[in-house]
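Have a look at the structure below, then the notes.
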Amino acid sequence: MKKVILDSTQPFIATGQIGEAWAVVVLEEIAKGNLEGYVDILYLQEVLDRYYYIKEGFEGRKIFNSFKNIATDVFLVTPEDFDLSYKLYKNNKEVSPRDLIHAAVAINNNIAEIFSTDGPGFDNIKEVKRVKLPNLLEELNLKNNYIYERKNISRS
Amino acid sequence: MKEKTFIDSNIIFYCSGDIGYRWAVKVTQEVAKNGDNIYADVFLFQEILDRFYYLNDPDRAEYMYNATRGLLTNVVEVTVDDFDRSFELHQKYPHLQPRLLLHIGVMTNNNSEKIISTYSADVEEIEEVKRINLMENIKI
């Protein structure tokens with residue numbers, strides 16, 4: 001089965017006022033066991049931070065609990081992950097530290113692919129591969145479904 | 001400081017770079033001397049890297065990461081249980097930042113009640129921990 005690590009763009013697009021159907025579909029596939037979708041513990045903090053700063057702290061906690069339960073597993077972030085992210089940083093100084101730590105956790109847990117809609121960051125890290133949304137939907141035989149096909153939405 | 005004591009990242013920022021307060025440098029020297037009792041959670045590194053990345057200062061990011069990585073010998077991982085504990089605290093203190101509540105969640109799950117922080121007002125509101133008053137506890 002395909003294994004990916006998710007960054008926090010996924011919950012933000014799947015929930016709240018955005019609520020894009022394609023993002024919900026990806027989560028449903030994880031919940032059904034058709035896709036192994038892992039998160040790291042920093043991802044959970046990013047969810048809480050975001051909802052706190054838009055003054056919806058309790059909503060953030062609900063979403064946090066949903067993601068904690070849907071994810072195949074939650075990886076801890078260790079000092080060794082930071083050491084690896086620091087090594088990655090040496091060759092990727094334009095990439096944000098958060099993208100680098102997600103990548104480091106993926107590598108240290110033998111996950112080769114990251115599913116993210118945040119292209120510019122992960123595409124620069126050659127040690128991991130970003131899975132683009134159209135490719136993921138195609139692999140899951142879902143490409144022709146849902147609102148993703150709307151002509152006015154451009155996603156990479 | 002003989003009790004298990006946690007430190008947050010604001011001390012690190014006060015002693016570095018353009019701010020460079022002497023008292024904060026003294027605190028970090030004390031941390032270096034009494035390191036066996038000083039703890040931090042792993043997200044402290046993330047905060048350091050984030051800060052200097054957004055200041056567009058990669059050299060300082062490298063310097064501060066290496067300095068704190070060497071300085072702090074007791075770095076604990078953050079667990080889902082820590083988040084669950086922070087959720088309990090969130091219900092009691094819904095206006096406080098998630099990161100601060102996570103700090104406290106990590107501390108209480110690691111049986112520590114003392115924290116070194118300059119983030120005084122919010123930390124002192126949390127009755128589950130006690131903020132160390134630097135002026136009373138460290139000779140500066």
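Throughout, protein chains are lettered first and strands after them, A, B, ... in sequence-line order, and every chain is numbered starting at 1. Heavy atoms only: backbone and side chains are in, while hydrogens, waters and symmetry mates are out.
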CG (Leu48(A)) and CG (Leu101(B)) are apart, to the nearest 0.5 Å, by 9.5 Å
* Please tell me if the side chains of Phe43(B) and Ile41(A) come closer than 4.5 Å, counting only heavy atoms from C-beta onward. => yes
Is a donor on one side and an acceptor on the other found under 3.5 Å between the side chain of Tyr65(B) and the backbone of Asp83(A)? yes
Does a sphere of radius 6.0 Å around NZ in Lys4(B) hold more than 12 heavy atoms from other residues, nucleotides or ligands, not counting ones at 6.0 Å or beyond?
yes
Taken to the nearest 0.5 Å, the spacing of Gln45(A) CD from Ser86(B) OG works out to 7.5 Å
Whatever's closer than 4.5 Å to a heavy atom in chain A on Asn56(B) counts as neither
Looking only at heavy atoms, the pair that brings Thr79(B) and Leu76(A) closest together is CA-CD2, 3.7 Å
Under a single-linkage definition using a 4.5 Å side-chain heavy-atom cutoff for Ile, Leu, Val, Met, Phe, Trp and Tyr, are Tyr53(A) and Leu44(A) assigned to the same hydrophobic cluster?
no
Shortest non-hydrogen pair, Arg69(B) vs Pro79(A), comes out as NH2-CB, 3.5 Å
| request: Give a yes or no answer on whether the side chain of Tyr52(A) reaches the backbone of Pro94(B) with a donor-acceptor pair at less than 3.5 Å. | output: no
When the 4.5 angstrom heavy-atom criterion is applied to Leu49(B) and chain A, the contacting part is both
One should read off an interatomic distance between Phe87(B) CZ and Lys62(A) NZ, to the nearest 0.5 angstrom, of 10.0 Å
Are Arg98(A) and Asp50(B) within salt-bridge range, i.e. N to O under 4.0 Å?
-> yes
Heavy atoms of Val42(B) and Val77(A) approach each other most closely as CG1-O, 3.4 Å
Most contact-rich option vs chain A, by heavy-atom pairs under 4.5 angstrom, among Val76(B), Leu96(B), Asp82(B), is Leu96(B)
query: Under 6.0 Å from the NZ atom of Lys92(B), do we count more than 12 heavy atoms belonging to anything else shown?
result: yes
**Asked** Can you find a heavy atom in the side chain of Phe52(B) that is under 4.5 Å from one in the side chain of Pro97(A)?
**Response** no
Counting heavy-atom pairs under 4.5 Å with chain B, the top scorer among Asp81(A), Leu100(A), Asp49(A), Asn65(A) is Asp49(A)
When rounded to the nearest 0.5 Å, the distance separating OG of Ser85(A) from CZ of Phe45(B) is 10.0 Å
Should we say atom CD of Glu113(B) is surrounded by more than 12 heavy atoms from elsewhere, each under 6.0 Å from it? no
dist Lys93(A):NZ -> Glu62(B):CD (nearest 0.5 Å) comes out at 4.0 Å
Okay, Lys55(A) and chain B: the region with an atom under 4.5 Å from a heavy atom over there is neither
Correct closest heavy-atom pair for Tyr89(A) and Pro58(B) would be OH-CB, 2.8 Å
Is the number of heavy atoms from other residues, nucleotides or ligands within 6.0 Å of CZ (Phe58(A)) greater than 12? yes
message: Salt bridge or not between Asp84(B) and Lys68(A)? Use side-chain N to carboxylate O under 4.0 Å.
response: yes
Okay, Leu42(A) and chain B: the region with an atom under 4.5 Å from a heavy atom over there is both
Okay, Leu72(B) and chain A: the region with an atom under 4.5 Å from a heavy atom over there is neither
Under 4.5 Å to a heavy atom of chain B? For Tyr86(A) that would be side chain
